[in-house]
Amino acid sequence: MASLPWVAVNTTLHKLESDLRKLPPSSISLDKRSQARTPEKRQLESQPLDFGEALSILKEGNFIDSALYVPLLQECIDRKSLWGTKSFHAHVLKTGTHQDLFLSTFLVNVYAKCGAIAHARKLFESLPRRNIVTWTALMTGYVQNSQPEQAVEVFIQLLEAGVFPTNYTVGAMLNACCSLYYLKLGRQVHGYIIKYKIDSDTSVGNSLCSFYSKCGILDSAVKIFRNTPEKNVISWTTIISACSESGRAETGLSFFLGMLLEGMTPNEFTLTSVLSLCCQVQEFALGKQIQSLCVKFGWEAQLPVRNSIMYLYLKCGEIDKARSLFEGMGTASLITWNAMIAGHAQVMDLLKDDVSSHRSGIEALKIFQKLNQSDMKPDLFSYSSVLSVCSRLAALEQGELVHAQTIKSGFLADVVVGSALVNMYSKCGSIEKASKAFVEMTRRTMISWTSMITAYSQHGLSDDALQLFEDMRFTGVRPNEITFVGVLSACSQTGRIEEAKRYFKMMTKEYRIKPVMDHYACMVDMYVRLGLLEDAFDFIKGMPYEPNEVIWSMLIAGCRSHGKMELAFQAADILLELKPRSSETYFLLLNMYISAERWQDVSRIRRLMKQEKLGGLRDWSWVNIKEKVYYFGSDDRSHPQSTQMYELLESLLEKAKGMGYIPYEILQIPDDSVGEKAGNLIVHHSERLAIVFGLINTVEGTPVRVVKNIGMCRDCHSAVKFFSELTQREIIVRDSRRLHRFREGKCSCGDFGAFL
DNA sequence: CTAGGGTTAG
């Protein structure tokens with residue numbers, strides 16, 4: 001963006017002003033050529049066409065029927081076939097049809113759409129004649145090929161050439177401005193639009209509306225929309241998707257309602273936008289109603305519509321339905337593939353603690369692999385989704401392969417892909433590679449910074465996290481509420497009470513960010529770690545909203561660790577009034593009462609769990625070894641190497657005891673699938689088995705990475721610390737709450753990470 | 001001029 005000098009911009013606008021002055025007001029508004037397609041043109045398009053056949057005719061140097069020109073070019077766009085376009089171009093030159101301005105303009109457009117903007121430019125330069133549509137096509141081409149500065153440049157040139165801009169040209173200019181984030185320039189263009197009274201033109205209004213929304217000013221977009229006198233379907237679609245981009249899904253849905261009430265018929269664009277809104281706010285029932293609307297209006301066969309519906313099914317967890325839609329799709333686009341990968345990634349979140357969540361991730365990797373084998377190339381969306389899948393799976397090997405692929409394909413340069421990579425390495429336990437990826441980024445957004453700050457914080461490196469936060473502020477990037485979760489949790493890890501208070505104040509006063517539950521949770525966590533349990537209690541009581549389950553469990557777990565049982569019991573009573581929803585919370589209380597031998601309370605908890613219909617938890621862990629996944633449950637003996645595993649485990653535990661390991665009582669997690677078998681006490685939780693399996697089956701000295709579906713208990717946490725020292729191995733366990741990196745007898749979580 | 005897919009927390 002630096003290459004566009006302000007002088008040029010001002011010249012443009014100055015020139016624009018004088019040129020627009022010469023213009024009779026009526027001539028700007030419409031360019032007939034691009035209006036609704038003429039009947040004979042539509043007829044051309046419906047001609048049957050075999051793309052391959054047509055191309056081979058061209059290749060052999062033979063002529064093709066001119067009736068096939070338009071459909072062939074359209075096909076080149078759809079397939080992004082540069083080779084096809086070139087062949088066609090050659091054909092046009094040979095037949096002398098390049099004199100046809102319509103065809104030449106179309107070719108400029110096709111080259112641009114195939115990503116060959118340089119070719120488009122060359123053709124443009126060589127044309128003996130050009131009209132405003134040709135100019136506009138070139139501008140649009142630059143915008144679409146991420147060279148908005150060039151688009152502005154072309155705009156200057158066309159004005160200098162004495163050509164009159166149309167509404168389309170103004171639209172392309174506004175698009176260039178929003179890609180440049182040139183709010184100022186766009187506003188000036190808006191000024192001229194008003195001055196020359198073309199603001200009542202529907203398409204100009206639509207462009208402005210989309211411009212403001214893309215610059216993040218939804219209010220202005222809404223204003224423009226309301227002031228557009230003759231709203232068409234596009235106007236409504238624009239405002240609806242503007243709401244979607246600004247994350248204001250409810251507003252978007254109400255606009256949709258308004259549209260229907262005004263008797264406007266939605267088109268396929270509208271419906272796909274609305275479906276995406278439904279996904280955003282998880283209004284799946286509404287989404288299914290929209291699906292019926294798609295059928296009613298006859299849009300259900302459109303690929304984008306089918307993509308949206310498939311994505312909707314994934315988001316509400318109906319994977320089988322989504323999969324059958326996917327498999328039934330004759331032609332899938334890259335977006336179809338990406339939606340499948342991203343959808344599976346989100347299903348992982350949906351199924352959080354269940355082992356099927358993991359399977360969904362594996363499925364996503366498989367889909368990505370199939371995409372690689374297909375004739376389509378993954379793009380930045382595919383890469384960022386698949387990287388997030390790798391990070392959720394802690395699949396380092398696969399993640400590294402994807403990393404290599406992003407380097408090869410050049411997508412690593414994208415900020416989102418870069419941030420996803422930082423996150424992947426961090427979640428896979430390698431802070432070194434995460435920070436390397438961060439340092440190598442050429443551009444950073446707030447999310448990139450936040451990812452890295454959070455990464456340091458999760459790895460227990462609070463100095464680095466806080467330093468980076470200061471760097472971020474110094475760079476002038478505005479943190480959001482998630483950044484502060486990272487900052488505050490970094491403070492809490494190392495008990496920096498004063499700094500935590502300062503940052504909390506900074507968040508609310510300087511950045512006007514309303515603290516949410518997670519911020520309070522960080523503060524409570526800090527008091528608890530420091531053993532300041534009364535302070536924690538007071539802090540909780542002073543919160544502006546009702547503390548949730550997580551906050552109370554933290555306090556209770558802390559009281560347990562510090563032996564302040566009276567306070568723990570008091571807090572437990574309050575917690576139970578809240579009717580906790582998670583089984584984990586009940587197990588925390590249950591085990592606490594069992595070890596305190598408060599049998600009345602034990603039966604009270606059991607009764608409550610039955611009332612709430614909360615079943616057992618499954619304790620699962622898995623370990624990735626050479627792209628294969630091995631699952632383990634508590635006391636699992638199903639693996640052929642079991643004997644060897646248990647021998648190693650017992651010997652490690654014995655040696656640990658010699659070094660001072662004192663076992664806590666191991667948390668009992670009754671598993672529903674097994675039924676309540678009396679006297680079947682758990683001896684080993686799943687992560688221990690996964691760890692020893694990893695130790696046996698990986699090379700000496702390399703890290704072992706394990707993922708666990710629920711939180712680690714105190715006993716396992718303490719034992720694994722000794723394992724890391726005894727084996728001189730780095731052991732990484734990612735549980736449902738946080739990341740534990742055990743090295744030389746210490747854990748990155750600072751020892752207060754195990755709640756149960 | 002309008003659409004469908006992506007990254008950050010506990």
Side-chain angles (χ1 to χ4, degrees), chain A residues 34 140 167-168 170-172 174-175 201-211 213 228 232-242 244 266-276 279 299 302-312 314 333-343 345-346 378-389 391 411 414-424 426-427 445-455 457-458 479-489 492 516-522 524-525 548 550-551 554 736-738:
Chain A
S34 322
T140 312
N167 54 337
Y168 282 88
V170 176
L174 282 171
N175 269 337
D201 180 87
T202 307
S203 95
V204 171
N206 296 347
S207 296
L208 275 171
C209 181
S210 139
F211 163 73
S213 107
T228 305
N232 59 15
V233 197
I234 298 173
S235 321
W236 285 98
T237 308
T238 306
I239 195 66
I240 290 170
S241 53
S244 158
N267 67 10
E268 73 273 39
F269 289 79
T270 326
L271 291 167
T272 40
S273 291
V274 174
L275 282 168
S276 139
C279 286
W299 300 120
Q302 298 275 327
L303 186 54
V305 172
R306 286 192 295 175
N307 286 342
S308 302
I309 291 168
M310 187 189 79
Y311 193 59
L312 178 81
L314 280 173
S333 66
L334 185 53
I335 294 185
T336 318
W337 288 89
N338 290 348
M340 242 358 227
I341 298 170
Q346 310 208 0
D379 68 354
L380 61 165
F381 287 89
S382 336
Y383 285 121
S384 32
S385 299
V386 80
L387 282 171
S388 99
V389 171
S391 63
F411 283 108
D414 180 75
V415 243
V416 176
V417 174
S419 310
L421 193 68
V422 169
N423 182 45
M424 186 275 290
S426 160
K427 289 274 170 62
T445 60
M446 181 269 292
I447 292 183
S448 329
W449 288 94
T450 303
S451 305
M452 195 63 229
I453 292 169
T454 307
S457 167
Q458 286 171 335
N480 76 349
E481 66 278 9
I482 298 175
T483 320
F484 275 103
V485 173
V487 170
L488 292 175
S489 81
S492 86
V516 295
M517 208 55 88
D518 294 336
H519 300 117
Y520 290 107
C522 290
V524 171
D525 179 58
N548 66 1
V550 176
I551 303 244
M554 274 176 153
S736 60
R737 293 171 192 272
R738 52 174 19 106

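Each chain gets a letter, A, B and so on, in the order its sequence line appears, and its residues count up from 1. Atom set for the values below is all heavy atoms of this structure, side chains included, hydrogens, waters and symmetry mates excluded. Keep in mind that this is a model prediction, so the values were computed, not measured.
The nearest whole Å value for the distance from the CZ atom in A:Arg738 to the P atom in B:dT8 is 18 Å. In this structure, A:Asn423 places its CG atom 10 Å from P of B:dG10, rounding to the nearest Å. Remark: P of B:dT7 and CG of A:Asn480 are 15 Å apart, rounded to the nearest angstrom. One can place CZ of A:Phe269 at 10 Å from P of B:dG4, the figure rounded to the nearest angstrom. Rounded to whole Å, the distance from CG on A:Asp518 to P on B:dT8 is 15 Å. With rounding to whole Å, A:Phe484 atom CZ is found 16 Å from B:dA9 atom P. Remark: P of B:dG10 and CG of A:Leu488 are 11 Å apart, rounded to the nearest angstrom. In this structure, A:Ile447 places its CD1 atom 6 Å from C1' of B:dT7, rounding to the nearest Å.
Residue side chain A:Phe381 meets the stacking definition with respect to B:dG5: its ring centre sits within less than 5.5 angstrom of the base's six-membered ring centre, and the planes differ by less than 30 degrees.
For A:Ser210, taking side-chain heavy atoms from C-beta onward, the closest of the listed nucleotides B:dG6, B:dT8, B:dT2 is B:dT2. Counting only heavy atoms from C-beta on, A:Lys427 has its side chain closest to B:dA9 among B:dG6, B:dA9, B:dT7. With B:dG6, B:dG4, B:dG5 as the candidates, the nucleotide lying closest to the side chain of A:Ser385 is B:dG6. The side chain of A:Ile482 lies closest to B:dT8 when the candidates are B:dT7, B:dT8, B:dG4. With B:dG10, B:dT7, B:dT8 as the candidates, the nucleotide lying closest to the side chain of A:Val485 is B:dG10. Listed candidates were B:dG6, B:dT8, B:dG4. Nearest to the side chain of A:Met446 is B:dT8. Closest to the side chain of A:Gln458, out of B:dT7, B:dA3, B:dA9, is B:dA9. The side chain of A:Ser207 lies closest to B:dC1, out of B:dC1, B:dG6, B:dT8. Relative to the side chain of A:Ile335, the nucleotides B:dG5, B:dT2, B:dA3 differ in distance, and B:dG5 lies closest. Checking B:dA3, B:dG5, B:dC1 against every side-chain atom of A:Thr272, the shortest atom distance belongs to B:dA3.
Using a 4.0 Å heavy-atom distance criterion, A:Ala342 is classed as a sugar-phosphate-only contact. Among the heavy atoms of the strands, none lies under 4.0 Å from A:Leu275. Using a 4.0 Å heavy-atom cutoff across all strands shown, A:Asn232 reaches no nucleic acid atom at all. At a threshold of 4.0 angstrom between heavy atoms, the contacts of A:Thr336 with the nucleic acid are absent.
Side-chain atoms of A:Asn206 and A:Ser203 include no donor-acceptor pair closer than 3.5 Å. In summary, the side chains of A:Ser333 and A:Thr336 do present a donor paired with an acceptor at a separation below 3.5 Å, with no hydrogens or angles considered. With no hydrogens or angles considered, a side-chain donor-acceptor pair links A:Asp379 and A:Asn338 at under 3.5 Å.
Distances shorter than 4.0 Å separate some side-chain N or O of A:Ser241 from OP1 or OP2 on B:dA3.
The two residues A:Ser426 and A:Ala455 have their closest heavy-atom pair at OG-CB, 3.3 Å.
Taking only distance into account, the side chain of A:Asp379 meets the base of B:dG5 through a donor-acceptor pair shorter than 3.5 Å. Judged by atom type and distance alone, A:Asp414 reaches the base of B:dG6 through a side-chain donor-acceptor pair under 3.5 Å.
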Using side-chain hydrogen bond (donor to acceptor under 3.5 Å, both in side chains), reason through A:Ser451 and A:Ser419 one step at a time and then give a plain yes or no. CA-CA 7 Å; A:Ser451 305; A:Ser419 310; 5.0 Å; no

Which is it for A:Ser492 and A:Asp525 under the side-chain hydrogen bond (donor to acceptor under 3.5 Å, both in side chains) test, yes or no, and what are the steps along the way? CA-CA 6 Å; A:Ser492 86; A:Asp525 179 58; 2.9 Å; yes

